[in-house]
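Computed from heavy atoms alone, side chains included, the values below leave out hydrogens, waters and symmetry copies.
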Amino acid sequence: PDEFFGREPGSFKLMGNDERLAALRAYAPGQVAEVVAMRSSKANYAVEPEAFLDRLGALFEIESIHVGADFHFGCRAAGTVDDIARWCAARGADCCPQDLLSIEGEVVSATRIRRLLEAGDVDAARRLGARVVLRGSVVHGRGEGGGMGFATANIEPRADVMVPREGV
């Protein structure tokens, strides 16, 4: 949605879509039958919550829907987990809201991890479960690493992915 509605300053993605899918597969091997990634469009975001769920139900045989306990969806984010639970119950499917993970007294969120990375605190982000991996093209740098006794690889990451504060 951030790509469609506009990104707040500093709200870069922590990982690209391909990396998200790989992380989901690694986290729940053999447990996820389908992952549906819908393109952001005015038409998709104008759909009322129940109509949105009906569209999914028409496309897939849904056995369960797993979402975060604070999940919202549909037009103006009006749909709630309770709406999903009612929709699922009427169709013999399970609604599985997942409690939000808290570490060090705060909910683990992308926003919290971004703040830590912006501050250069990669260790604290790692304690929250963030595995910082940069992917991109290797580009020519200033050549200073060789003069300090070690070679470096300068990576040009994608423009939409979060990068920790500058360092080696």
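- The nearest pair of heavy atoms linking Ala26 to Pro29 is O-CD, 3.4 Å.
- Rounding to the nearest 0.5 Å gives a distance of 9.0 Å between SG of Cys96 and CD1 of Ile65.
- Residues Leu117 and Leu14 meet the side-chain proximity criterion, which asks for heavy atoms closer than 4.5 Å.
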Begin from the C-alpha positions of Ile62 and Leu56 and carry the test side chain to side chain contact (heavy atoms under 4.5 Å, CB included) through to its verdict.
CA-CA 8 Å; Ile62 296 176; Leu56 289 180; 4.0 Å; yes
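- Between Asp83 atom CG and Glu48 atom CD the span is 10.5 Å, to the nearest 0.5 Å.
- Here the CG atom belonging to Asp54 is positioned 11.0 Å from the CG atom belonging to Leu59, to the nearest 0.5 angstrom.
- For Pro49 against Gly79, the heavy-atom pair with the smallest separation is CG-N, 3.3 Å.
- A side-chain donor-acceptor contact under 3.5 Å links Arg91 to the backbone of Trp87.
- From Leu100, atom CG reaches atom CZ of Phe71 across 12.5 Å, with rounding to the nearest 0.5 Å.
- Side chain of His72 to backbone of Asp70: a donor-acceptor contact under 3.5 angstrom is found.
- The two residues Cys95 and Ala85 come nearest to each other via the heavy atoms CB-CA, 3.6 Å.
- Atom CD of Glu50 is surrounded by 12 or fewer heavy atoms from other residues, nucleotides or ligands within 6.0 Å.
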Please step through side chain to side chain contact (heavy atoms under 4.5 Å, CB included) for the pair Ile113 and Val108, ending with a clear verdict.
CA-CA 8 Å; Ile113 292 169; Val108 175; 4.3 Å; yes
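- Hydrophobic clustering places Val122 together with Ile103 (ILVMFWY residues linked when any side-chain heavy atoms are closer than 4.5 Å, directly or through intermediates).
- The CG atom of Leu116 lies 10.5 Å from the CG atom of Asp123; values are rounded to the nearest 0.5 Å.
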How far apart are the C-alpha atoms of Leu53 and Phe73, what are their side-chain angles, what is the distance that settles it, and do they pass the side chain to side chain contact (heavy atoms under 4.5 Å, CB included) test?
CA-CA 10 Å; Leu53 292 168; Phe73 68 103; 3.7 Å; yes
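- When atom types are taken as modelled, the side chain of Arg112 and the backbone of Glu106 share a donor-acceptor pair closer than 3.5 angstrom.
- One distance of note links CD1 of Ile84 with OG of Ser64; it measures 11.5 Å at 0.5 Å rounding.
- The shortest side-chain heavy-atom distance between Val47 and Arg55 falls under the 4.5 Å cut-off.
- Glu63 places no side-chain N or O within donor-acceptor distance of the main-chain N or O of Glu61, the cut-off being under 3.5 Å.
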